[in-house]
Number of protein chains: 2
Amino acid sequence: MASTKASTIYDVAKVAGVSHQTVSRLLRGYAGIREETRARVLDAIKQLDYHPNITARNLRNGSTGMIALAIPDLRQPYFAELAQSVISAARDAGLTVFVETTDGNPERELAVLGGTQSQLVDGVLYIPKSIDADILTAQNIEFPIVLLGDRILDSQFDHVTLPNLEGARAAVQHLISLGRTQVAFIGAEPDTDFGAAALRLRGYRNALESAGIAYRHDLVIFDSEWERHSGASSMRALLDSGVPFDAVFCCNDALAIGALRTLLSAGLKVPGDVAIAGFDDTEDARFSFPSLTSVAPGRDELARAAVGLLQRRIEEGGARGAREEIVSGYSLAIRESTVGAA
Amino acid sequence: MASTKASTIYDVAKVAGVSHQTVSRLLRGYAGIREETRARVLDAIKQLDYHPNITARNLRNGSTGMIALAIPDLRQPYFAELAQSVISAARDAGLTVFVETTDGNPERELAVLGGTQSQLVDGVLYIPKSIDADILTAQNIEFPIVLLGDRILDSQFDHVTLPNLEGARAAVQHLISLGRTQVAFIGAEPDTDFGAAALRLRGYRNALESAGIAYRHDLVIFDSEWERHSGASSMRALLDSGVPFDAVFCCNDALAIGALRTLLSAGLKVPGDVAIAGFDDTEDARFSFPSLTSVAPGRDELARAAVGLLQRRIEEGGARGAREEIVSGYSLAIRESTVGAA
DNA sequence: CTGAAAGCGCTTACAG
DNA sequence: CTGAAAGCGCTTACAG
């Protein structure tokens, strides 16, 4: 902080009666310093309450020990929890993070890549939302970047993602195992073959196929917002369509929470009339009533992997190895919304 | 970023055929530069894709344009939403923020104040949880700091806080206006006369008094965690106590969501048997079923005020004026948990 | 084992 | 209106 005139390496050196480089060496952990000298310097440091000026060190070293986390919106529990995991993982790795919210706005998502903060940072952990791989590729990014999250398209970048297909399939298989045969799907996206929505839809279809249940378009609801309010409307639309269904898989918990609210508002019983499952295992899934069955994608593991990969890329400097793709494990948290209260 | 050799002000100067200071001046927005020179420099900047090195600028200027936000835990919606508001407000103010999560852990809360990142930052927005004013005062903090949030104790620091008493009173008055006479209170804290819990409890008592209802200890549940899981247990405890009640005010929405779940699990009707209100107006309050009546404390206003105050302190440099206290406005969002479905 | 020198990229008085 | 100089606080070869 600039408020009070902080003491420098020179002040310490003067007090200790050594040159400033000796102080620097001690700070950097060099072995070869005479015990008696070391003690004098440490004394001076304590006496002056000296703290190294990180900015100066950064300027010299060309690195800052900081990474940026570009994330759409902390108001959404999934992102908030993911951010928390990233921040913890980064701290454990000796990095500090710098949260940039983009609102999933394409311009802001792009701005992060060129913004003034990208100067300050050794690398970027990037959770894209509305931007796609082509645009990203066209950016010709010249610093370490790792893509993170569920919306990762097939891309030439390092990325860490979820078992989208497998998780969705497991959830839908669970619904089917309960004897449900008319399973709706909320959260499909038009016009994409990649990305979380497409993969989860494929998982859904896989599960139906293995059970010998025909896929039906009228049970698939498009919703690319994946938020609580849109989940509520999507469920409203499904109910209004008059198509009968006895279960629903939602692409994330936010959708499921919204859909659940609409179902209960409409006087339906969950899971009696309709069983419902989500994806993400956010904390609100555990405290809704009924509590929500959800695919738990191992958020901490994901965050740690992403931070670790980014750190590796930073250390490698310019020399990029082959791009890497990491997929986390998952489990299915089975709760009241599919199996009822205990 | 350090990955590729970035061009400097000198490179630009050489290409443009001027001295590097001229480039610097143009960058800093000085008026006195000949039109023709300016064009040449801008050309060179574009041609070289020059971006100023923020670290160097910071070293020179002694400030970084960054602030730290020390916050307990993004997994809790209240904090996540507050963080989002702070980040937005900071961006509007030209500052970037740096999120430090403390887990409400006293050591980590203290560490933020001395940590290496406090070097990097022009000031700190501090959301304390377990730390109290005495400890903070003892720290002899020598940089701009603004306390933010609901747990602010009476202190010698600048702080921005919520209308704790008034908000709680309004919520309880609302419950009473519905004809409820046995209003429970969840979230009291033992041994404090200050802080959000004490103030909200006072608001509760005020509302009872104005209505001529006697205050009863057996309707007040202690809970200093203020999380969903603790709200669930607290409500469990209240039910088990056998004390009859027809309404409950919870100190925050997390408690209320947990309590609501317990009520519904127990087969009680909300608001038929028990009306329930919370505080914070987090987004999950709007999507529970029934949706939750809650005190809305004007989060954006709060965040903007806090960022503004901090920025002012930073600009004032060392010269601290009188400490300032800002209290946000509030409104009461009335929803199904007190008045039933529409 | 420790000192003298140069430089990271920028900005700010000082001249002209 | 634009250039030469010094310095922000640190680290890294280079000598000795």
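What you see is a predicted model; the values in this text were computed from it and never measured. So that the names make sense, note that chain A is the first sequence line, chain B the second, and so on, each numbered from 1.
The structure places CD1 of B:Ile87 at 12.5 Å from CG of B:Leu95, a figure rounded to the nearest 0.5 Å. Atom CZ of A:Arg108 and atom CD of A:Glu100 lie 8.5 Å apart (nearest 0.5 Å). For the atom pair A:Asp73 CG and B:Glu81 CD, the distance stands at 9.0 Å (nearest 0.5 Å).
Taking 4.0 angstrom as the limit, A:Ser24 places a side-chain polar atom (N or O) nearer than this to OP1 or OP2 of D:dT11. The side chain of B:Arg57 places an N or O atom within less than 4.0 Å of a non-bridging phosphate oxygen (OP1 or OP2) of C:dT11. Side-chain nitrogen and oxygen atoms of A:Thr37 include none within less than 4.0 Å of the OP1 or OP2 phosphate oxygen of C:dC1. Note on B:Tyr10: every side-chain N or O is 4.0 Å or more away from OP1 and OP2 of D:dG3. Applying the 4.0 Å criterion to OP1 and OP2 of D:dC8, one finds that A:Thr55 has every side-chain N and O outside that range. Side-chain nitrogen and oxygen atoms of A:Ser19 include at least one within less than 4.0 Å of the OP1 or OP2 phosphate oxygen of C:dG3.
B:Asn53 has its CG atom 14 Å from the C1' atom of D:dG9, to the nearest Å. The distance between atom CD1 of A:Ile54 and atom P of D:dC8, rounded to the nearest whole Å, is 18 Å. Atom P of nucleotide C:dG16 and atom CD of B:Gln21 are separated by 15 Å, given to the nearest angstrom. If you measure from atom CG of A:Leu59 to atom C1' of D:dC10, you get 8 Å, rounded to the nearest angstrom. In this entry the distance linking CD1 of A:Ile45 with C1' of D:dC10 reads 14 Å, nearest Å. Between A:Asn58 atom CG and C:dC10 atom P the separation is 15 Å, expressed in whole Å. Rounding to whole angstrom units, CG of residue B:Leu26 and P of D:dG3 are separated by 13 Å. Atom CG of B:Asn61 is separated from atom C1' of C:dG9 by 12 Å (rounded to the nearest Å).
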Going through the distances and angles, do B:Arg312 and B:Glu315 end up as a salt bridge (charged side-chain N to carboxylate O under 4.0 Å, His left out)?
CA-CA 5 Å; B:Arg312 195 139 45 79; B:Glu315 280 160 9; over 6 Å; no
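Counting only Watson-Crick and G-U wobble pairs whose two key distances fall under 3.5 Å, DNA chain C forms stems of three or more stacked pairs at C:1-3 with D:14-16, C:5-12 with D:5-12, C:14-16 with D:1-3.
Taking all atoms of both residues into account, the shortest heavy-atom contact from A:Ile71 to A:Ala83 is CD1-CB, 3.9 Å.
The residue from B:Leu69, B:Val146, B:Ile131 that alone fulfils the side-chain contact (heavy atoms from CB on, under 4.5 Å) condition with B:Tyr126 is B:Ile131.
Counting atom types as modelled, B:His20 pairs no side-chain N or O with a base atom of D:dT2 as donor and acceptor under 3.5 Å.
When distances run from any side-chain atom of B:Arg60 to the nucleotides D:dC10, C:dG9, C:dT11, the shortest one goes to C:dT11.
Residues B:Glu301 and B:Arg304 are not paired through a salt bridge, judged by the lack of any N-O separation under 4.0 Å between the basic side chain and the carboxylate.
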